[in-house]
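Chain naming here is simple, since letters A, B, ... match the order of the sequence lines and numbering starts at 1 in each. This one's a predicted model, so the numbers in the text were calculated from it and none came from an experiment.
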Amino acid sequence: MRRRKTSLAALLQPLAVKRRPPRAPEENAALDAIWQVVCAIPRGRVSTYGAVARAAGLPGRARQAGYALRLAPRSLNLPWHRVVAAGGRIAFPRASRAHLEQAQRLRAEGVRVSNGRVPPALITDLKEL
DNA sequence: TCGATGACCTCTA
DNA sequence: ATAGAGGCCATCG
């Protein structure tokens, strides 16, 4: 019997309609900043959580970049797949659904994904933002 | 209110 | 290459 790593609730989460109540304005500002930066990542290239946080004016808060993506509504159509962890590594666990989807989306843009990693040369700092 | 958690990072060994 | 420590802090139960 194959054990699932994620809970059933987690798997059903994307289907759930329930959303959390609106956040405070300053929190929304941080989220907006991060989302905006992610939108600016060019097609066929990637950036890292740390770099995204920096570009959004939140140096040292790579985690918050991850959360912002986790909380991002589907309707924004964010290119979330262009955000990877340090060294070009896909942050999701190897066999996870999300990992596979991210790799697939990246390959669809011509990004070579091998061994759960993208070529570090494709990583952009987003300094010029 | 509070402790645990996490789509992370950097440094050290 | 891998492992641990410390830092970060919004979110969640």
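Computed from coordinates, the A/Leu31 CG to C/dC9 P distance equals 15 Å when rounded to whole Å. For A/Ile90 and B/dC8, the CD1 to C1' distance is 15 Å, given to the nearest whole Å. The interatomic distance linking A/Leu106 (CG) with B/dA7 (C1') rounds to 13 Å, in whole Å. Computed from coordinates, the A/Trp35 CH2 to C/dA10 P distance equals 15 Å when rounded to whole Å. Separating the CD atom of A/Gln64 from the P atom of C/dG7 is a distance of 19 Å, rounded to the nearest angstrom. In this structure, CZ of A/Arg117 is placed 7 Å from P of C/dA1, rounded to the nearest angstrom. In this entry the distance linking CD1 of A/Ile34 with P of C/dC9 reads 12 Å, nearest Å. One interatomic measurement links the two molecules: OH of A/Tyr49 to P of B/dG6, which rounds to 15 Å at whole-angstrom precision.
Judged purely by distance below 3.5 Å, without hydrogens or angles, the side chains of A/Asn115 and A/Arg94 pair a donor atom with an acceptor atom.
Only the P atoms considered, C/dG6 is 23 Å distant from B/dA7, to the nearest whole Å.
Among the heavy atoms of the strands lying under 4.0 Å from A/Arg63 is at least one base atom, whether or not backbone atoms are also near.
With contacts defined as side-chain heavy-atom distances shorter than 4.5 Å, the pair A/Arg70/A/Trp80 does not qualify. Residues A/Tyr67 and A/Ile34 are not in side-chain contact: their nearest non-hydrogen atoms beyond the backbone lie 4.5 Å or more apart.
Considering only the side chain of A/Trp80, B/dA7 comes nearest among B/dA7, C/dA10, B/dC9. Of the candidates B/dC9, B/dC8, C/dC9, B/dC9 carries the atom nearest the A/Thr48 side chain, counting heavy atoms from C-beta on. If you check B/dA7, C/dA10, B/dC8 against the side chain of A/Ala85, the one that comes closest is B/dC8. Side chain of A/Arg70, nearest nucleotide from B/dC9, C/dA10, B/dA7: B/dA7. Considering only the side chain of A/Leu71, C/dT11 comes nearest among C/dT11, B/dC9, B/dA7. Among the nucleotides C/dC12, C/dC8, B/dC9, the one closest to the side chain of A/Ala62 is B/dC9.
For A/Gln104, the CD atom counts as loosely surrounded, since its 6.0 Å shell holds 12 or fewer non-hydrogen atoms of other residues, nucleotides or ligands.
Here A/Arg105 does not pair with A/Glu109 in a salt bridge; the nearest charged N to carboxylate O distance is not below 4.0 Å.
With hydrogens and angles left out, the side chain of A/Tyr67 and the base of C/dA10 share no donor-acceptor pair within 3.5 Å.
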